[in-house]
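One structure is given here, and the rest of the page talks about it.
Everything numeric in this text was worked out from a predicted model, so none of it was measured. Residue numbering restarts at 1 for every chain, and letters A, B, ... go by the order of the sequence lines.
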Number of protein chains: 2
Amino acid sequence: MDAQLNAYFKQVDSSATAFIDRLRTAVAIPSISAEDQRRPDVFRMGEWLGEQLKALGAQVELRPMGKQPPKNEVDLPPVVLARYGNDKKKRTVLVYGHYDVQPAEKSDGWATDPFKLTVDDKGRMFGRGATDDKGPVLGWLNAIDAHQRAGVEMPVNMLMCFEGMEESGSEGLDDLIMAEAKKFFADADAVCISDNYWLGTEKPCLTYGLRGVNYYSIEVSGPAADLHSGVFGGTVQEPMTDLTRLLGSLVDTNGKIQIPGISEQVAPVTADEEALYDAISFSMDDIYQAMGSKTTIYDDKKQTLMARWRYPSLSVHGIEGAFSGAGGKTVIPAKVVGKFSIRTVPDMDIEKTNNCVYMYVQEQFAKLKSKNSMNVFAQHSGKWWKASPKHWNFSAAAKATERVWGVEPDFTREGGSIPVTLTFEEATGKNVLLLPMGSSTDGAHSINEKLDKRNYIEGTKLLGAYLHYFAVEPQT
Amino acid sequence: MDAQLNAYFKQVDSSATAFIDRLRTAVAIPSISAEDQRRPDVFRMGEWLGEQLKALGAQVELRPMGKQPPKNEVDLPPVVLARYGNDKKKRTVLVYGHYDVQPAEKSDGWATDPFKLTVDDKGRMFGRGATDDKGPVLGWLNAIDAHQRAGVEMPVNMLMCFEGMEESGSEGLDDLIMAEAKKFFADADAVCISDNYWLGTEKPCLTYGLRGVNYYSIEVSGPAADLHSGVFGGTVQEPMTDLTRLLGSLVDTNGKIQIPGISEQVAPVTADEEALYDAISFSMDDIYQAMGSKTTIYDDKKQTLMARWRYPSLSVHGIEGAFSGAGGKTVIPAKVVGKFSIRTVPDMDIEKTNNCVYMYVQEQFAKLKSKNSMNVFAQHSGKWWKASPKHWNFSAAAKATERVWGVEPDFTREGGSIPVTLTFEEATGKNVLLLPMGSSTDGAHSINEKLDKRNYIEGTKLLGAYLHYFAVEPQT
């Protein structure tokens with residue numbers, strides 16, 4: 001394997017300019033899934049990707065996804081399904097990525113044209129989608145390309161699933177994954193998703209867990225319409241009074257959730273997990289810089305990482321129906337809806353958590369002895385995900401990382417959710433690995449999104465190397 | 001006086017059709033002060049009003065008010081200053097009204113064209129500005145008109161002040177009133193404002209008090225920008241957590257203000273005041289109907305009226321900077337501004353009240369031991385107003401009411417604010433009377449605003465009769 005990898009790595013370095021050109025072409029297609037008028041560009045991007053894969057010799061299908069609900073006015077972009085290699089003697093990896101991007105306008109504050117890949121003297125390649133997720137998607141194509149040019153046989157069969165609606169709710173994707181689990185995806189031995197980021201800027205990581213999220217609404221209503229606070233103030237039980245009291249009872253300044261039955265569900269910290277944190281490349285300065293302030297709950301790294309990854313949190317997001325503008329308005333809102341969410345972790349159960357929330361909020365409301373009506377309900381829920389970082393899929397990626405980057409990767413979790421992860425795990429029953437290419441400063445979803453040239457080129461090496469270790473790693 | 005009033009009343013009845021036509025013409029001019037593109041219509045309305053007054057023989061000045069701050073892009077409409085009669089042997093009344101109107105579009109839900117006066121078979125005259133405040137303003141013109149046609153001498157000199165920016169903050173008016181107090185307004189013996197409404201639909205009232213309003217902001221900020229609740233939830237002290245706790249500490253469901261030092265400033269109920277409430281034509285059904293619900297704090301009329309008129313109230317209006325849309329957004333807002341206001345009453349002091357609020361909110365915030373920054377401040381303040389209902393100006397209006405409507409008026413206060421009332425009182429040092437024409441169901445500021453034909457015609461009689469009693473009432 002050593003000689004093959006060396007030849008492959010050398011080829012990636014030789015092809016670096018061509019690979020950057022490939023990314024430049026992709027970034028130039030403004031495939032913004034959130035904007036209906038850009039939908040033809042999303043289609044163009046999917047078709048370009050399909051052509052690139054065909055040119056590499058893959059079997060490609062652009063799966064039509066129908067109309068976009070709920071209006072059914074525009075077509076959903078296709079899911080690009082591709083197979084490269086069909087050798088029954090080889091293992092098969094299923095990779096996922098997305099070819100749509102977040103909105104971007106130069107006027108948002110970009111230093112450069114967001115749809116023109118611009119490389120600065122530090123090797124930062126600026127452009128919308130550079131890191132999220134066109135760079136990683138093209139990393140897989142580059143890996144195939146460099147194997148072919150170097151005359152190195154691909155060690156695995158690859159199944160690819162690249163969608164065009166990730167930034168807009170992955171409309172229809174879950175159904176497709178479920179439907180193809182025992183068909184197109186049937187051969188997959190494990191899954192790899194490259195759509196997240198290093199914890200910092202210097203050390204690679206493998207991600208084995210994500211928090212889930214239960215999103216709640218508390219509706220409080222009384223009068224039939226908004227009232228003037230001069231005429232009615234002091235005579236009416238105001239829904240906002242009740243709602244602020246309810247929202248204020250959910251969590252304290254230090255993040256302690258006041259709802260009984262939540263923390264009781266959290267899995268205890270094992271010795272194995274405990275041992276992971278100290279080595280992780282992360283410092284409080286990283287979070288201070290990311291927040292632009294020092295208003296953290298904890299002052300130490302380990303507690304902060306555990307709070308982000310393995311403990312639940314509750315955030316109050318806002319209120320619908322109240323006055324939200326600048327200045328002053330003397331309104332008594334008639335119906336207000338408070339929004340909050342709980343990030344969930346192993347072993348929390350969605351239903352059990354919902355019931356704890358409903359019971360607590362109802363109890364708090366009963367204490368107010370209000371004549372207003374109150375309703376608390378979950379808008380949507382997504383389960384947490386946690387894989388075993390000791391699975392052979394992770395071992396393969398860890399060895400590849402050490403080979404390419406010269407360091408053992410950190411094993412990390414994330415505080416947010418990537419729902420497709422859980423869908424792939426549940427649909428295929430196989431291990432899912434999150435293998436990031438970009439770093440924490442890439443600014444996915446922000447202005448001046450970038451991918452470092454280093455991360456793109458070494459990342460392409462990493463994806464290819466991962467396939468070689470994937471092919472031979474003893475199955476656990 | 002009796003014969004004169006009879007002749008005047010007869011003439012008003014004879015001229016009813018012409019007076020309704022006068023209102024129709026005024027309603028047809030969409031003098032919406034809040035919409036810049038309608039500003040020419042506001043000017044047109046002021047000019048039409050000036051011409052009408054001139055045609056009646058008044059001396060008229062359309063006082064230019066300069067540019068509208070803060071942008072200074074459009075001209076402020078003129079204040080129409082008019083004098084009718086200059087007989088040193090007669091008393092002089094100063095009347096105020098406004099000729100601008102609230103915005104209105106048919107598509108807002110109006111049953112008829114808002115700028116076409118439409119009279120239904122119940123005598124309801126629908127149209128924007130019909131009751132607020134074109135009907136009352138034209139009532140004064142009708143009164144002069146009918147006196148002339150009936151050959152009845154006007155018993156007083158009239159000074160008129162009709163503005164075109166009342167619905168948009170009365171820009172510049174305070175300065176004009178102060179500047180003209182000892183000049184154009186110097187002769188005024190008392191002031192009469194017809195720009196409010198009966199408490200119900202059947203019984204006339206005279207209004208002798210208004211609550212003031214202190215409007216507050218509580219800003220809480222921490223991170224430099226909004227954060228993703230997945231990535232940062234549980235690790236950062238969230239400004240929304242602190243703000244909901246602060247807002248939830250201000251007032252309880254039954255309207256009890258939790259801030260020390262507020263209720264202590266409220267003037268005690270006197271025996272005279274106490275005696276007023278029972279007779280007042282108002283029932284809990286009136287407020288239930290107005291609110292469209294039964295979610296009142298009190299179940300009896302007297303407590304409800306006192307809560308509206310003579311006790312302070314605190315309303316939480318909303319939050320700026322948080323998520324306020326429909327659906328769900330997983331944001332940790334970086335800076336949020338809670339808005340609330342306190343309606344103030346005699347003998348509350350603005351500064352003292354502000355200091356109580358600041359101290360309380362700071363104490364509550366200190367208890368949170370938060371690293372976030374908090375700032376509480378008053379956006380704006382307007383003092384309460386309370387006149388003596390035993391002043392001869394009120395006695396004159398009471399006698400006129402009994403003469404026209406056949407009942408003693410209720411003496412009422414209002415929960416809201418009409419800032420110009422206090423300005424006139426302070427600038428002229430004279431008694432100010434609020435003499436409403438329309439009723440509680442007129443829907444000023446709402447769709448389907450109307451003025452009942454009965455209230456317009458009998459109201460015109462009332463304004464004229466008031467002038468006769470005003471002329472002779474023994475000064476108290």
Is there a donor-acceptor contact under 3.5 Å from the side chain of [X] to the main chain of [Y]?
X        : Y        : result
A:His317 : B:Val331 : yes
B:Arg211 : A:Gly233 : yes
A:Lys339 : B:Gly325 : yes
A:Arg245 : B:Val251 : yes

Is the count of non-hydrogen atoms from other residues, nucleotides or ligands lying under 6.0 Å from [X] atom [atom1] greater than 12?
X        : atom1 : answer
A:Lys256 : NZ    : no
B:Gln379 : CD    : yes
B:Lys329 : NZ    : no

If you count heavy-atom pairs under 4.5 Å between each of [options] and chain B, which one has the most?
options                                : value
A:Met240, A:Glu320, A:His380           : A:Glu320
A:Ser229, A:Ala224, A:Ala322           : A:Ser229
A:Thr244, A:Val337, A:Ile297, A:Leu250 : A:Ile297
A:Thr330, A:Ile332, A:Leu210, A:Ile287 : A:Thr330
A:Ile257, A:Thr241, A:Asp242, A:Val236 : A:Val236
A:Gly338, A:Ser324, A:Gly416           : A:Ser324

What part of [X] gets closer than 4.5 Å to chain B, counting heavy atoms only: side chain, backbone, both or neither?
X        : value
A:Ala334 : neither
A:Lys294 : backbone
A:Asp252 : both
A:Ser217 : neither
A:Arg308 : both

Pick whichever of [options] has the most heavy-atom pairs under 4.5 Å with chain A.
options                      : value
B:Leu368, B:Thr304, B:Leu305 : B:Leu368
B:Gly292, B:Pro312, B:Gly255 : B:Gly292
B:Ser370, B:Ser417, B:Gly327 : B:Gly327
B:Ala307, B:Ala326, B:Pro333 : B:Ala326

Rounded to the nearest 0.5 Å, what's the gap from [atom1] on [X] to [atom2] on [Y]? Could you check?
X        : Y        : atom1 : atom2 : result
B:Thr295 : A:Asn372 : OG1   : CG    : 5.0 Å
B:Leu227 : A:Met291 : CG    : CE    : 6.0 Å
A:Met284 : B:Thr235 : CE    : OG1   : 7.5 Å
B:Gln237 : A:Asn254 : CD    : CG    : 5.0 Å

Less than 4.5 Å to any heavy atom of chain A: does that hold for the side chain of [X], its backbone, both, or neither?
X        : result
B:Ser341 : side chain
B:Leu314 : backbone
B:Ala225 : backbone
B:Tyr311 : neither

Among B:Ile319, B:Leu247, B:Val316, which residue meets the side-chain contact (heavy atoms from CB on, under 4.5 Å) test with A:Ile319?
->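 Exactly one option meets the side-chain contact (heavy atoms from CB on, under 4.5 Å) with A:Ile319, and it is B:Ile319.
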
Kindly indicate whether the side chain of A:Glu414, heavy atoms from C-beta on, has any atom under 4.5 Å from the side chain of B:Val231.
->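 Side-chain contact under 4.5 Å: no.
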
Side chain to side chain, A:Thr296 and B:Lys371, heavy atoms closer than 4.5 Å =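 Result yes, sub-4.5 Å side-chain heavy-atom pair found.
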
